[in-house]
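Heads up: the structure comes next, in structure tokens.
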Amino acid sequence: MGFLSSIDISGSALTAQRLRMDVISNNIANAETAETENGEPYRRKVCVLSERRSFSSVLGDQIGSGVKVSEITEDDSDFELEYDPDNPLANAEGYVQMPNVDEIEEIIDLMEATRSYEANVTAMNATKSMAIKALEIGG
Amino acid sequence: MINEMFENVNLLQKGLDAAWTRNGVIMNNIANVDTANFKSSSVTFESAMKQALSEDEIKFEAKTTRPEHYDFSDSAAEDVSPTVVTDTDTDYRMDGNNVDIDYESTELAKNTLWYYELSEQVSSEFSKLKTAISG
């Protein structure tokens, strides 16, 4: 494990969790978006995290090198139906299809991402202080 | 003589290396706390080192006075290196991930303090040598 490359491990997690927070924010922002470019309501997006392995870590079967967002998938659960006959998008029965975003779920995911972000900041600070301590040897 | 002078420093350096490797492993565990099917790893070092040191204590030593004499003082402790072990047998959550964030945080705190301790030891070892050299 290189002197500064271990900071990149936590760095990759900060990037991944921040992207996750961005995706969650986008879901919350579009919770009421009944029409998108393809004519459907907005579909909830989910980040898929996977372990990042560097070439040397696969060869040596050693430590991984952090985490990455491998894909952002769409949640294909059913859209919500909302009764709103005055809406131009309403069908013959007066129902409008609304996004499959549950705000409570998003807020909980957001909290989880924030906590993970904080844990990684703590780990990064610990590593930084260890590196500084090592530089003080013999001083 | 010059080799003996740094014997303690070399041992402590192995400890520092192990602590640094462990730090990398803990960081990777924390980074992957939300990754599905990720399995946590840990580093074993201290028990192997302890065993090697106790083996060294009962080892046969011969005085070498000429360069062609065989050196018996090969120490087992010098060959000990940290090993990364992945725990593939347990599940902690429904998504197959087994990172316990509380455990990892305490391990991180412990490991950081241990690293501090070792680097203090190295510093004090050097300051002793400085005293011996400058008088």
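Proteins come first, then strands; the chains are lettered A, B, ... in the order of their sequence lines, and each starts at number 1. These numbers come from a predicted model, not from an experiment.
- Both B/Leu53 and B/Val80 are assigned to one and the same hydrophobic cluster, defined by single-linkage of ILVMFWY side chains at heavy-atom distances under 4.5 Å.
- B/Phe38 is not connected to A/Leu19 by any chain of hydrophobic side-chain contacts under 4.5 Å among Ile, Leu, Val, Met, Phe, Trp and Tyr, and they are in different clusters.
- Within 6.0 Å of the CD1 atom in B/Ile133, the count of heavy atoms belonging to other residues, nucleotides or ligands exceeds 12.
- A single hydrophobic cluster is not seen to contain both B/Val99 and B/Val25; linkage of ILVMFWY side chains at heavy-atom distances under 4.5 Å, directly or through other members, places them apart.
- Contacts of B/Tyr116 with chain A are made by both backbone and side-chain atoms, with heavy-atom separations under 4.5 Å.
- A chain of hydrophobic side-chain contacts below 4.5 Å, direct or via other Ile, Leu, Val, Met, Phe, Trp or Tyr residues, connects B/Phe45 to B/Val9.
- Contact annotation for residues 84-102 of chain A against chain B (heavy-atom separation below 4.5 Å): no residues qualify.
- Of all heavy-atom pairs between B/Asn23 and A/Ser6, the closest is ND2-OG, 4.4 Å.
- Heavy atoms closer than 4.5 Å to chain B are found nowhere in A/Leu14, neither backbone nor side chain.
- Side chains of A/Glu51 and B/Asn28: a donor-acceptor N/O pair is present below 3.5 angstrom, by distance only.
- Most heavy-atom pairs under 4.5 Å with chain A: of the set B/Ser119, B/Ser124, B/Ser127, B/Ser105, this distinction falls to B/Ser119.
- Of residues 109-135 of chain A, those residues lying under 4.5 Å from chain B by any heavy-atom pair are A/Glu112, A/Ser116, A/Ala119, A/Asn120, A/Thr122, A/Ala123, A/Met124, A/Ala126, A/Thr127, A/Ser129, A/Met130, A/Ala131, A/Lys133, A/Ala134.
- Shown here is B/Glu68, whose CD atom has more than 12 heavy atoms of other residues, nucleotides or ligands within 6.0 Å.
- Residues B/Leu16 and A/Ile137 form a side-chain contact, since some pair of their non-hydrogen atoms from C-beta on lies under 4.5 Å apart.
- Interface remark: B/Thr112 contributes backbone and side-chain atoms alike to the contact with chain A (heavy atom separation under 4.5 Å).
- Only the side chain of B/Leu108 comes within less than 4.5 Å of a heavy atom in chain A; its backbone stays farther off.
- A/Met21 and B/Val33 are not part of a single hydrophobic cluster, where members link through side-chain heavy atoms under 4.5 Å apart.
- Only the side chain of B/Glu120 comes within contact range of chain A, with at least one heavy atom under 4.5 Å from a heavy atom of that chain.
- Atom CD of B/Glu46 sits in a crowded spot, with more than 12 heavy atoms from other residues, nucleotides or ligands closer than 6.0 Å.
- The heavy-atom pair separating B/Asp34 from A/Gln17 by the smallest distance is OD2-NE2, 3.2 Å.
- The environment of CG in A/Asp78 is sparse: at most 12 heavy-atom neighbours from other residues, nucleotides or ligands sit within 6.0 Å.
- By the neighbour-count criterion of 12 heavy atoms within 6.0 Å, atom CZ of A/Arg18 is sparsely surrounded, having that number or fewer from other residues, nucleotides or ligands.
- The choice from B/Ile101, B/Thr35, B/Asn37 that makes the most heavy-atom pairs within less than 4.5 Å of chain A is B/Thr35.
- The candidate from B/Asn32, B/Val122, B/Ile30, B/Asn29 with the greatest count of non-hydrogen atom pairs under 4.5 Å with chain A is B/Asn32.
- From B/Met27, atom CE reaches atom OG of A/Ser12 across 8.5 Å, with rounding to the nearest 0.5 Å.
- Ranking A/Ser50, A/Ala16, A/Gly66, A/Cys47 against chain B, the residue ahead of the rest is A/Gly66, based on heavy-atom pairs under 4.5 Å.
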